[in-house]
Amino acid sequence: GNSVTQMEGPVTLSEEAFLTINCTYTATGYPSLFWYVQYPGEGLQLLLKATKADDKGSNKGFEATYRKETTSFHLEKGSVQVSDSAVYFCALTGFQKLVFGTGTRLLVSP
Amino acid sequence: DAGVTQSPTHLIKTRGQQVTLRCSPKSGHDTVSWYQQALGQGPQFIFQYYEEEERQRGNFPDRFSGHQFPNYSSELNVNALLLGDSALYLCASLPGPNNEQFFGPGTRLTVL
């Protein structure tokens with residue numbers, strides 16, 4: 001079945017550092033790929049998405065490229081801020097439902 | 001335009017009891033999906049409702065049931081609660097079954 005694997009956290013960075021959170025997937029067909037963010041005590045917000053191979057999703061300085069050959073969708077940001085501290089979930093669509101990874105907690109210190 | 005709303009925000013129940021959670025979708029959305037997010041885990045798909053019918057179901061027992069009303073709002077019912085049902089329950093609405101999902105803030109259920 002479809003599945004998503006994310007790097008375990010927490011990821012601890014200083015402000016303005018470079019961020020990479022790894023995500024790989026297993027899926028039949030050609031799913032759309034997503035990154036969601038969850039701030040403390042809140043629901044999920046869509047951060048970015050890509051619907052086909054080689055697409056790059058981007059939002060708020062975050063980027064991720066749909067790599068079919070490596071079945072990956074790694075999240076990157078050039079310079080993180082304290083306000084980026086949250087849990088990040090990689091997800092894919094399969095048969096109308098979202099399949100999520102276990103999440104990666106990001107902690108950014110001043 | 002209000003987003004997806006869920007009620008209640010928090011709920012405490014004891015083992016064996018029954019619970020009903022409610023979700024109102026975004027304006028213009030006719031499809032609702034429910035997810036369970038256990039502590040420290042990613043959300044798991046429970047089921048999806050469209051045109052007042054359950055269209056797809058995840059790997060959850062029959063104790064989990066739902067309903068969608070003509071105004072597209074939805075309820076999630078859980079019977080015979082277990083300690084393991086303690087989780088954040090998320091509702092997502094979509095403008096049709098194969099579209100982007102918009103999540104509500106969730107209902108945190110604690111089973112004692």
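Quick note: numbers below take in every heavy atom, side chains included, and nothing from hydrogens, waters or symmetry partners. Proteins come first, then strands; the chains are lettered A, B, ... in the order of their sequence lines, and each starts at number 1. Given the structure is predicted, the values throughout are model-derived calculations rather than measurements.
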> chain B heavy atoms under 4.5 Å from A:Y36: which part of the residue, side chain, backbone, both or neither?
Replying inline: side chain

> By a 4.5 Å heavy-atom criterion (distance strictly below it), what part of B:L88 contacts chain A: side chain, backbone, both, or neither?
Replying inline: side chain

> Pick from A:T93, A:L98, A:V99, A:T102: which one has the most heavy-atom pairs with chain B under 4.5 Å?
Replying inline: A:L98

>> Report which part of B:Q56 has an atom under 4.5 Å of a heavy atom belonging to chain A: side chain, backbone, both, or neither.
In response: side chain

> Is there side-chain contact between B:C23 and B:L76, with at least one heavy-atom pair below 4.5 Å?
Replying inline: no

>> Quick check on B:Q48 against chain A: is it the side chain, the backbone, both or neither that has a heavy atom closer than 4.5 Å?
In response: side chain

>> Less than 4.5 Å to any heavy atom of chain B: does that hold for the side chain of A:Q6, its backbone, both, or neither?
In response: neither

> Under a 4.5 Å heavy-atom cut-off, does chain B meet the side chain of A:L44, its backbone, both or neither?
Replying inline: both

> Can B:R63 and B:D85 be counted as an ion pair, charged N to O under 4.0 angstrom?
Replying inline: yes

>> For A:E63 and A:K77: C-alpha separation, side-chain torsions, deciding distance, then whether salt bridge (charged side-chain N to carboxylate O under 4.0 Å, His left out) applies.
In response: CA-CA 6 Å; A:E63 293 183 340; A:K77 186 175 186 183; over 6 Å; no

> More than 12 heavy atoms of other residues, nucleotides or ligands under 6.0 Å from CZ of B:F69: is that the case?
Replying inline: yes

>> Do B:Q101 and B:Y35 pair up side chain to side chain, a donor and an acceptor below 3.5 Å, judged on atom types alone?
In response: yes

> Which salt bridge (charged side-chain N to carboxylate O under 4.0 Å, His left out) pairs, counting each pair once, include a residue from residues 96-110 of chain A, with sequence neighbours left out?
Replying inline: none

> Top residue by heavy-atom pair count (under 4.5 Å) with chain A, among B:Q44, B:R108, B:E100?
Replying inline: B:E100

